[in-house]
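Worksheet: one structure, shown below.
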Amino acid sequence: DAGVIQSPRHEVTEMGQEVTLRCKPISGHNSLFWYRQTMMRGLELLIYFNNNVPIDDSGMPEDRFSAKMPNASFSTLKIQPSEPRDSAVYFCASSSRQGGTYTEAFFGQGTRLTVV
Amino acid sequence: GDSVTQMEGPVTLSEEAFLTINCTYTATGYPSLFWYVQYPGEGLQLLLKATKADDKGSNKGFEATYRKETTSFHLEKGSVQVSDSAVYFCALNPSGSRLTFGEGTQLTVNP
């Protein structure tokens, strides 16, 4: 298996622009997580999905952030408009949830976002 | 609520030194416990796990034992290498819910 695939690996954009981050989870996994990592705040869970349905988006910092999972093999995290304080590494992870129990999560390599 | 507390870093050791990174947790139910490692420029990778009390997880020379009586899951390695330099995260998933991570501990091993 290729693992969790994220794109792009690096993104540099100007303040005010829309940014879309993409994630392909491991085939057969039915849970998907978006994390943000910064030096100041560490690793933060933004949102997660079970069976393509958003379960908890309480970690999404504000309305500028939105996430979708239109099918089991694809998810996006969108920031519109972007701001310099959104600069961070964004990770996608997937796991399998069966019978109410999650297996360990597998992480992608991350997207390093820089907003100038 | 459920939480994980890791020893504060950074930790700096010489090659072949003994490593301990402390991790304690607070959780309802019976969580599984994990250690993840993040090498520079990469995502987190599962290092080892334990699913019930007294289980010992091990991988690449690292070990951690699930201690319910002390609510701990300390990471140990007998002889670290330069290549072990990374950030280490302790995590739990209480009663099968989603993962909760600790703050991470930066380890630097000098030759």
Side-chain angles (χ1 to χ4, degrees), chain A residues 1-7 9-10 21 23-26 29-51 53-59 88-113, chain B residues 1-10 21 23 27-52 55 57-59 62 64 66 73 75 86-108:
Chain A
D1 197 318
V4 177
I5 299 173
Q6 291 187 246
S7 63
R9 288 295 308 277
H10 303 274
L21 311 182
C23 175
K24 176 178 168 53
I26 291 173
H29 281 186
N30 56 0
S31 296
L32 184 140
F33 308 82
W34 282 102
Y35 290 88
R36 178 172 69 175
Q37 187 177 39
T38 61
M39 288 293 292
M40 291 296 294
R41 301 174 70 92
L43 193 64
E44 304 173 274
L45 177 65
L46 301 178
I47 184 172
Y48 72 99
F49 297 81
N50 285 342
N51 296 316
V53 176
I55 302 301
D56 184 354
D57 65 354
S58 60
V89 181
Y90 290 82
F91 289 104
C92 176
S94 71
S95 71
S96 182
R97 184 172 187 269
Q98 296 172 353
T101 299
Y102 289 90
T103 63
E104 61 267 26
F106 294 82
F107 282 74
Q109 298 223 326
T111 295
R112 180 174 294 278
L113 173 66
Chain B
D2 302 316
S3 66
V4 176
T5 302
Q6 289 183 232
M7 67 182 290
E8 291 188 12
I21 300 178
C23 171
T28 54
Y30 303 95
S32 293
L33 300 173
F34 307 86
W35 277 100
Y36 280 80
V37 58
Q38 184 179 29
Y39 298 104
E42 298 186 10
L44 281 71
Q45 304 172 25
L46 179 66
L47 180 60
L48 53 84
K49 68 177 182 179
T51 58
K52 61 183 186 296
D55 268 3
S58 61
N59 186 25
F62 291 89
Y66 188 165
F73 193 55
L75 182 68
V87 181
Y88 292 81
F89 292 89
C90 186
L92 61 83
N93 65 341
S95 300
S97 70
R98 60 165 181 82
L99 282 172
T100 297
F101 285 92
E103 296 291 315
T105 301
Q106 172 75 55
L107 170 66
T108 301

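Naming convention: chains lettered A, B, ... in sequence-line order (proteins, then strands); numbering from 1 in each chain. What you see is a predicted model; the values in this text were computed from it and never measured.
The contact between Q37(A) and chain B is made entirely by side chain atoms (from C-beta outward), counting heavy-atom distances below 4.5 Å. Proximity to chain A involves both the backbone and the side chain of L44(B), based on heavy atoms less than 4.5 angstrom apart. For Q38(B), the part lying near chain A is the side chain, with the backbone staying farther off; criterion is any non-hydrogen pair under 4.5 Å. Contacts between R112(A) and chain B at a heavy-atom distance below 4.5 Å are absent for every atom of the residue.
Here S95(A) contributes atom OG and N93(B) contributes atom CG; the two are 8.5 Å apart, rounded to the nearest 0.5 Å. Separating the CD atom in Q109(A) from the CD atom in Q45(B) is a distance of 8.5 Å, to the nearest 0.5 Å. To the nearest 0.5 angstrom, E104(A) atom CD is 11.0 Å from L48(B) atom CG.
Side chains of Y36(B) and L43(A) form no contact here, defined as non-hydrogen atoms less than 4.5 Å apart.
If you tally non-hydrogen atom pairs under 4.5 Å between each of A105(A), A93(A), C92(A) and chain B, the highest count goes to A105(A).
Summarising the local packing, CZ of R41(A) is surrounded by 12 or fewer heavy atoms from other residues, nucleotides or ligands at distances under 6.0 Å.
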